[in-house]
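For reference, the structure discussed in these notes is given below.
All heavy atoms count here, side chains included; hydrogens, waters and symmetry mates do not.
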Amino acid sequence: MKLYLKPNYSAMEKEPMYYGTYLQLDKIIESQYPVSFEPGNEPAHDEMLFIIIHQSYELWFKQILFELDYCMGIFQKEKINDNSEDLNLVRHRFKRIIKILELLNQQVNVLDTMTPMDFLAFRNLLTPSSGFQSKQFRLIEAKLGLEIEKRHQKDYYKRTNEGGFTQPDYQHITQTEEGKNLLQLVNDWLERMPFFDNAYWEDQLSTDPINHPFWKQYKAVYSAGLSEREQSKQADFDAVFFQHFAPEMSKEQQQLFNCSFSPAAMRAALFIMLYRDFPVFQTSYQILDSLIEMDHLMSNWRHKHLIMVRRMIGMRVGTGNTSGAGYLEGALNKHYVYRDLSGLSTYLIERKNLPKLPESLIKYLGFNL
């Protein structure tokens, strides 16, 4: 985890601590330099708003990264004790990130008080800088689990020419992408779930999970609830949770079920969602739900950004030489990280039809008072 060094207060050791000193406000408040206010330019009033909004974004991005680093540190443990504070703190940190993302979405409304003509007054002065060059936003995406191969126009991200990243930023982003991300760590955590072990299922005979007594019963109930038009979902079920593909599936169709999570992790995640009313699953369910919510809020932010850019510059290219709104629309449609988790709702059944669990497992999942 990054170390945060204390400012040098040695010259003021005998002076009381002041609000402005503690917050380093002299550095923050004096860090807005509208280019349009330089000699020879026509001052553009709204450039100050533009700068402050984006500086605020970056401060909140820093906090999100701080929270993500903590949570990833927990998931990097070989074993997480459910009776410790670890998972509860992860849940709490995730909820904080969600609140920050909600705030960032609302912040777009403030920027929307700037009209296209207001923006045009200083837009050309920004070239070739661009929000695309936000290292912290790329780090957030990479840490959450957005892989370079799944990015829209992936080759565009790997450049240090005009409109691209600085060499140090490029190296930092690349190094982060090469490490384990949160999605992979959560996948490992889910794979360790012990709820299908022989100790809880006396009649488990096959080593193939598709023949496990729970999944055989669950699929039968799920299939019985499908409408005539949904019958293909039976084959989808086997593909998602067991990587068993129907003979009639082409290679291209099979590729559609190449989930970011492993089949074992997907089975554990679905099981947690189904039996979330058990006390032991309360925190785990909220963690999975928070990942889905973060993904949705990131998508909302991209959508708001797309609408704002269309309003501000129409179909013109972005200041960083992207295709502007076209690039943002592609990223919006493609840059989902936890799509597999949100897609689990496809395979839910009514609570009243849930298979009854063995008593030994029920005892493990509930309170024993």
Side-chain angles (χ1 to χ4, degrees), residues 1-4 60-101 136-150 172-197 240-241 259-276 278-298 335-344 364-365:
M1 181 178 288
K2 181 179 179 180
L3 295 177
Y4 294 90
W60 285 122
F61 290 164
K62 182 174 183 178
Q63 185 66 38
I64 290 174
L65 288 168
F66 186 66
E67 305 297 350
L68 283 176
D69 285 342
Y70 176 89
C71 296
M72 291 174 70
I74 297 298
F75 282 116
Q76 283 168 349
K77 295 182 178 182
E78 290 185 11
K79 185 176 181 181
I80 301 175
N81 184 356
D82 286 347
N83 293 319
S84 72
E85 64 180 4
D86 286 347
L87 283 184
N88 187 54
L89 286 175
V90 167
R91 178 196 61 80
H92 180 68
R93 308 293 188 226
F94 280 176
K95 293 297 183 184
R96 177 177 292 164
I97 292 174
I98 285 171
K99 290 299 180 183
I100 293 173
L101 290 173
Q136 291 197 119
F137 187 72
R138 299 300 164 212
L139 292 177
I140 290 172
E141 290 182 317
K143 286 177 183 285
L144 284 174
L146 181 57
E147 299 174 352
I148 187 66
E149 291 301 317
K150 296 182 179 179
H172 190 179
I173 294 169
T174 299
Q175 183 181 26
T176 300
E177 289 173 340
E178 290 172 349
K180 259 199 170 180
N181 56 53
L182 180 62
L183 186 151
Q184 292 168 331
L185 293 171
V186 170
N187 183 87
D188 294 345
W189 168 66
L190 288 170
E191 285 185 342
R192 295 197 299 269
M193 296 293 174
F195 311 117
F196 307 112
D197 291 353
V240 169
F241 296 106
C259 299
S260 298
F261 288 89
S262 70
M266 292 292 281
R267 292 194 299 271
L270 179 60
F271 194 77
I272 289 171
M273 290 186 176
L274 293 170
Y275 295 97
R276 64 192 188 197
F278 281 103
V280 76
F281 284 150
Q282 287 292 305
T283 300
S284 299
Y285 169 72
Q286 290 181 47
I287 285 174
L288 296 179
D289 194 54
S290 292
L291 292 172
I292 295 170
E293 182 65 15
M294 281 190 272
D295 215 18
H296 288 169
L297 287 168
M298 291 281 283
H335 290 183
Y336 283 93
V337 180
Y338 296 98
R339 190 191 301 268
D340 295 335
L341 290 183
S342 60
L344 285 173
Y364 177 79
L365 298 178

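Every residue was checked against the side chain to side chain donor-acceptor pair (under 3.5 Å) condition with Y275, not counting sequence neighbours, and none meets it. Applying the side-chain contact (heavy atoms from CB on, under 4.5 Å) test to A265 and every residue at least two apart in sequence or in another chain returns N187, L190, E191, F261, S262. The side chain to side chain donor-acceptor pair (under 3.5 Å) test applied to R276 returns Y285, not counting sequence neighbours. Applying the ring-ring contact (aromatic ring centres under 6.0 Å, His included) test to F61 and every residue at least two apart in sequence or in another chain returns F137. R96 is linked by a salt bridge (charged side-chain N to carboxylate O under 4.0 Å, His left out) to E67, counting only residues two or more places apart in sequence or in another chain. Residues that satisfy the salt bridge (charged side-chain N to carboxylate O under 4.0 Å, His left out) test with D289, not counting sequence neighbours, are absent from this structure. Remark: K77 engages D86 in a salt bridge (charged side-chain N to carboxylate O under 4.0 Å, His left out) (not counting sequence neighbours). Not counting sequence neighbours, the partners of T174 by the side chain to side chain donor-acceptor pair (under 3.5 Å) test are K158. The side chain to side chain donor-acceptor pair (under 3.5 Å) check on E78 picks up nothing, with sequence neighbours excluded. Take K180 and apply the side-chain contact (heavy atoms from CB on, under 4.5 Å) test, not counting sequence neighbours, and it matches Q184, L185, D188. Evaluation of the ring-ring contact (aromatic ring centres under 6.0 Å, His included) rule for W60 yields no partner, not counting sequence neighbours.
Contact check for L291 versus D295: no side-chain heavy atoms found under the 4.5 Å cut-off.
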Please list, one pair per line, the donor and acceptor atoms closer than 3.5 Å that link side chains of residues 140-147 to other protein atoms, with sequence neighbours excluded.
residue, atom, partner, partner atom, Å
E141, OE1, R138, NH1, 2.9
E141, OE1, R151, NH1, 2.7
E141, OE1, R151, NH2, 3.2
E141, OE2, R302, NH2, 2.7
K143, NZ, D69, OD1, 2.9

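You'll find the ring centres of F195 and F278 outside the 6.0 Å limit.
Between atom OG of residue S290 and atom CZ of residue R91 there is a gap of 8.0 Å, rounded to the nearest 0.5 Å.
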